[in-house]
> 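Structure incoming, see below.
Chain letters run A, B, ... following the sequence lines, proteins first, then strands; residues in each count from 1.
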There are 2 protein chains.
Amino acid sequence: MRKRPVETDKPLDKWREQLRRGGLELAILLSVSSTPRYGLEIIRYLQESTDLVVTEGTIYPILGRLTRSGIVEAEWISGETPHPRKYYRLSNQGRKALEEMLDHWNSYRSKIDHLVETAGRMES
Amino acid sequence: MRKRPVETDKPLDKWREQLRRGGLELAILLSVSSTPRYGLEIIRYLQESTDLVVTEGTIYPILGRLTRSGIVEAEWISGETPHPRKYYRLSNQGRKALEEMLDHWNSYRSKIDHLVETAGRMES
DNA sequence: CGTATATACCTTGTGACACAAGATATAATG
DNA sequence: CATTATATCTTGTGTCACAAGGTATATACG
């Protein structure tokens, strides 16, 4: 017997979920764009600076994917802390990708905002 | 034997996909917020006003879901056009939901933009 | 020396979802 | 009666985030 999510959460919650997912990769890249950070640190950073909640099961697969595609580079650093940490930084290729993503984000944001304004002319 | 999407599309494309998905429901709701519209009309409206590309396989399931949850109301109109059309309009409940969604969209947008600005202090 | 706690990373199974492709309906046109 | 145009709906598939659980390393306590 498992958890039954059946009719428990309203459509709005689902939507929020999905919206957050859309920006996840961007948020993660931004987290490591100015300074290298390791996994849990990224989680804390996002939580603190934007209260975007991301969990480990989410972030590690994404970081793996980004590493595999050459957008970020990973480096193990051990000795300085109890547990070794894997620091991620943006590669050169990643920096280019990030710029494209930012362009796209701006454009997307404008589209939605445009829709909002257009539809906003509804209250007669 | 099926299409092999294997390594054909770059990570960036996937990301764009996901971002678009995040705002889909919002975009659809906005499309029917000021005036009732039918399925294909919504597709054309989004395409023309924001060049967001949405297909039928995408929109009908979403409209069905929104109808089932009472956020939009659907009404068949036939006789006036060759083929009967199903017009969707925002319900009262839907209007409330839309407002919440807009709040959330604004807040989400700010969070990402905040991240961008913070990370933007990287070019030393 | 256990064993508990803290920090870190990684993996597996699941459910949700958009979407391509195709099915179905209606009416006008040739 | 086929074809074309417009419209809606369904089915199968691949992708993805995520909860839950696993592994590794080191320190602290008794």
Side-chain angles (χ1 to χ4, degrees), chain A residues 1-28 37-46 52-68 74-88, chain B residues 1-11 13-28 37-46 52-69 74-88:
Chain A
M1 203 79 94
R2 286 220 142 256
K3 203 175 58 172
R4 297 197 329 130
V6 187
E7 205 60 19
T8 59
D9 46 330
K10 293 162 218 148
L12 272 188
D13 298 331
K14 294 251 179 84
W15 175 69
R16 275 186 257 249
E17 271 292 304
Q18 274 201 261
L19 182 62
R20 198 179 80 267
R21 288 182 187 192
L24 252 183
E25 282 195 26
L26 178 55
I28 290 173
R37 285 195 167 91
Y38 64 96
L40 289 187
E41 192 184 6
I42 296 173
I43 294 179
R44 286 188 219 112
Y45 173 70
L46 288 177
L52 250 48
V53 176
V54 191
T55 63
E56 304 163 40
T58 299
I59 211 168
Y60 288 116
I62 293 180
L63 285 170
R65 205 193 307 148
L66 290 171
T67 307
R68 252 174 281 119
E75 186 189 7
W76 279 102
I77 303 219
S78 47
E80 303 177 16
T81 52
H83 193 94
R85 296 167 173 172
K86 198 169 178 180
Y87 279 86
Y88 296 89
Chain B
M1 202 80 89
R2 288 220 141 253
K3 202 173 62 172
R4 295 197 331 128
V6 188
E7 205 60 17
T8 58
D9 48 331
K10 293 163 218 146
D13 299 330
K14 294 250 179 85
W15 176 68
R16 275 185 258 248
E17 272 292 305
Q18 275 201 261
L19 182 61
R20 197 179 81 268
R21 289 181 187 191
L24 252 183
E25 283 196 25
L26 178 55
I28 291 173
R37 287 197 164 91
Y38 64 96
L40 290 187
E41 192 184 8
I42 296 173
I43 293 178
R44 286 188 218 110
Y45 172 70
L46 288 177
L52 250 47
V53 176
V54 191
T55 63
E56 306 160 40
T58 298
I59 212 168
Y60 287 115
I62 293 180
L63 285 170
R65 205 192 308 146
L66 291 172
T67 307
R68 250 173 283 120
S69 65
E75 188 189 6
W76 279 103
I77 303 219
S78 47
E80 303 177 16
T81 52
H83 192 95
R85 295 168 175 173
K86 198 170 180 180
Y87 279 85
Y88 296 89

> Nearest whole angstrom, please: distance from the C1' of D:dG12 to the OH of B:Y60.
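Taking atom C1' of D:dG12 as the reference, OH of B:Y60 is at 20 Å.
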> State, with a plain yes or no, whether a side-chain heavy atom of A:V54 is found less than 4.5 Å away from one of A:I62.
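No - every pair of side-chain heavy atoms lies 4.5 Å or more apart.
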> Name all residues meeting the salt bridge (charged side-chain N to carboxylate O under 4.0 Å, His left out) criterion together with A:R44; count only those two or more places apart in sequence or in a different chain, and write none if there are none.
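Applying salt bridge (charged side-chain N to carboxylate O under 4.0 Å, His left out) to A:R44 gives none.
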> Using the side-chain hydrogen bond (donor to acceptor under 3.5 Å, both in side chains) criterion, which residues pair with A:T55? Sequence neighbours excluded.
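With neighbours one apart ignored, the set is A:T58.
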> Applying side-chain hydrogen bond (donor to acceptor under 3.5 Å, both in side chains), name anything that partners B:E56, two or more places apart in sequence or on another chain.
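Expected list: none.
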> Please determine whether a side-chain nitrogen or oxygen atom of A:Q18 lies at a distance below 4.0 Å from atom OP1 or OP2 of D:dC16.
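No, outside the criterion.
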> May I ask you to say what A:Y88 touches in the nucleic acid, namely base, sugar-phosphate or nothing, with a heavy-atom cut-off under 4.0 Å?
sugar-phosphate
> Is B:E56 touching bases, backbone alone, or none of the nucleic acid, heavy atoms closer than 4.0 Å?
base
> Does B:R65 have a side-chain nitrogen or oxygen under 4.0 Å from the phosphate oxygens OP1 or OP2 of C:dA16?
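The answer is no; no side-chain N or O of B:R65 sits under 4.0 Å from OP1 or OP2.
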> Rounding to an integer number of Å, can you tell me how far A:I59 CD1 sits from C:dA8 P?
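Those two atoms, CD1 and P, are 13 Å apart.
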> With sequence neighbours left out, write down each residue that passes side-chain hydrogen bond (donor to acceptor under 3.5 Å, both in side chains) with B:E41, or none if nothing qualifies.
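So B:E41 forms no side-chain hydrogen bond (donor to acceptor under 3.5 Å, both in side chains) with any residue.
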> What is the distance, rounded to the nearest whole Å, between atom CZ of B:R16 and atom P of D:dT15?
18 Å
> Taking only residues two or more places apart in sequence, or in another chain, which ones meet A:R21 in a salt bridge (charged side-chain N to carboxylate O under 4.0 Å, His left out)?
A:E17
> How many Å lie between CG on B:L52 and P on C:dA18, as a whole number?
13 Å
> Is the shortest side-chain N to carboxylate O distance from A:K14 to B:E25 below 4.0 Å?
no
> Rounded to the Å, how far apart are A:R21 CZ and D:dT15 P?
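About 16 Å, once rounded to whole Å.
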> For nucleotides 25-30 of chain C, print each protein N/O atom paired with a nucleotide N/O atom at under 3.5 Å, atom names and distance only.
from	atom 1	to	atom 2	distance (Å)
C:dA25	N3	B:H83	ND1	3.3

> Expressed as a whole number of angstroms, how long is the span from B:Y87:OH to D:dA7:C1'?
11 Å
> Considering residues at least two apart in sequence or located in another chain, which fulfil the ring pair (Phe, Tyr, Trp, His ring centres under 6.0 Å) criterion with A:Y38?
A:Y87
> Starting from C1' on D:dT15, measure out to CD on B:E17 and report it in whole angstrom.
10 Å
> With a 4.0 Å cutoff (strictly under), does any side-chain N or O of A:K14 reach OP1 or OP2 of C:dG15?
no
> How would you list, by chain and number, every residue that makes a side-chain contact (heavy atoms from CB on, under 4.5 Å) with B:P84, sequence neighbours excluded?
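Result, side-chain contact (heavy atoms from CB on, under 4.5 Å) vs B:P84: B:W76, B:S78.
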> Where along residues 37-44 of chain B does a heavy atom fall under 4.0 Å from DNA chain C?
none
